[in-house]
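Chain identifiers are assigned alphabetically (A, B, ...) following the order of the sequence lines, protein sequences preceding nucleic acid strands; residue numbering begins at 1 within each chain.
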Amino acid sequence: MDEQPRLMHSHTGVGMAGHPGLPQHLEGTGGADGDGRKQDIGDILQQIMTITDQSLDEAQARKHALNCHRMKPALFNVLCEIKEKTVLSIRGAQEEEPPDPQLMRLDNMLLAEGVSGPEKGGGSAAAAAAAAASGGVGADNSAEHSDYRAKLTQIRQIYHTELEKYEQACNEFTTHVMNLLREQSRTRPISPKEIERMVSIIHRKFSSIQMQLKQSTCEAVMILRSRFLDARRKRRNFNKQATEILNEYFYSHLSNPYPSEEAKEELAKKCAITVAQVSNWFGNKRIRYKKNIGKFQEEANMYAARTAVNAANASSHGSQANSPSTPNSAGGYPSPCYQSDRRIQ
DNA sequence: TCGAATGATTGGGA
DNA sequence: TCCCAATCATTCGA
């Protein structure tokens, strides 16, 4: 390479006026004849080919000379314009993508489960449902629930840590690329729009990684949720007190054992179960009572007697019982809880 | 271990 | 949407 004839004149001081280091033919005057132009192009190509042979100082000097050249801004503008009209216009049309429906689904799910968005006490629909279903009856259910919440919190923490990492990496990389491009824009035509496009490409790449993270987080939540719901299927009998309250209501409203929504809510609160469980219980009770009245007769008599005693106590103490099991229909009292005048058919 | 009891689920009807 | 009826799945006690 050293044997190559050097056609550059920069270090020898041969160049255009005011721009030492640039050959005169870059001034734009050019040769009048074709041979002269060919010679100029040959010179430039030769310079490019041999630029790697230059010392750092020489390269720096040439770079500086290029940057200071009076035609440089105009030339770069033209080149940027051409680039924009060709590549960018084509890509620009492709960039206008609608929001990814899958990503929206993932975001919605993470939000609903309380993984993303503001931290909620308990977080998820499953946890809420579970909380309602367990109704706080028994320590086991609440223990299961708190275990569920703890695991959900763990998932949430991992998700946010990873998300933060990705965002940080994305920002660092974007800044790095932007600096690099800005630096390069001094020596090659790079428009701000092009830098912007590059940034959006980087963001897209990182958001696809984020989508993977969201997907695996969703999967983890689904697994946790299904395990939890499976565990919930292992039913527990209601405690004795809850069964007594329900039975008292049932037998005291035997002529119309259909509690209204308000009565169900009150019973649910008293028994620490859900309204749905109250409905289930009454549904089961009605049908089982109807199927075998004889078998339930003893139970019915017992609750009727208890109700009568309660009523007597209440009246002698002049107090008003506010229980939904307040004696009424069994003793002929109309119940405000009746939703309609129905009987077990 | 087995049968009864019991809470939950499902499908159909009004 | 609520209820009934049948059924399932689990618990509990003998």
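We find that A/K165 and A/E162 are joined by a salt bridge, their nearest charged nitrogen and carboxylate oxygen being less than 4.0 Å apart. Salt-bridge annotation for A/E248 and A/K270: absent, with no side-chain N of the basic residue lying under 4.0 Å from a carboxylate O of the acidic one.
In this structure, OH of A/Y258 is placed 20 Å from P of C/dT1, rounded to the nearest angstrom. Summarising the geometry, the separation between CZ on A/R286 and C1' on B/dT6 is reported as 16 Å, rounded to the nearest angstrom. One atom, CG of A/N280, and another, P of C/dA5, lie 16 Å apart when rounded to the nearest Å. When rounded to the nearest whole Å, the span between CD of A/Q277 and P of B/dG7 equals 9 Å. When rounded to the nearest whole Å, the span between NZ of A/K291 and C1' of C/dA5 equals 7 Å. Rounded to whole Å, the distance from CZ on A/F250 to P on C/dC3 is 13 Å. Going from atom OH of A/Y289 over to atom P of C/dA5 covers 15 Å, rounded to whole Å. For the pair A/N237 CG and B/dA5 P, the interatomic distance rounds to 13 Å; values are reported in whole Å.
Both A/F173 and A/V199 belong to a single network of hydrophobic side chains, linked directly or stepwise wherever heavy atoms of I, L, V, M, F, W or Y lie under 4.5 Å apart.
When ring centroids are compared, A/Y303 and A/F250 stay outside the 6.0 Å threshold.
One finds no side-chain N or O of A/K285 lying less than 4.0 angstrom from the OP1 or OP2 phosphate oxygen of B/dA8. Distances shorter than 4.0 Å separate some side-chain N or O of A/K295 from OP1 or OP2 on B/dA5.
Nearest nucleotide to the side chain of A/K290, out of C/dC4, C/dC3, B/dA5: C/dC4. The side chain of A/I287 lies closest to C/dC4, out of C/dC4, C/dC3, B/dA5.
One donor-acceptor pair, N or O on each side, does fall under 3.5 Å between the base of B/dA8 and the side chain of A/N284.
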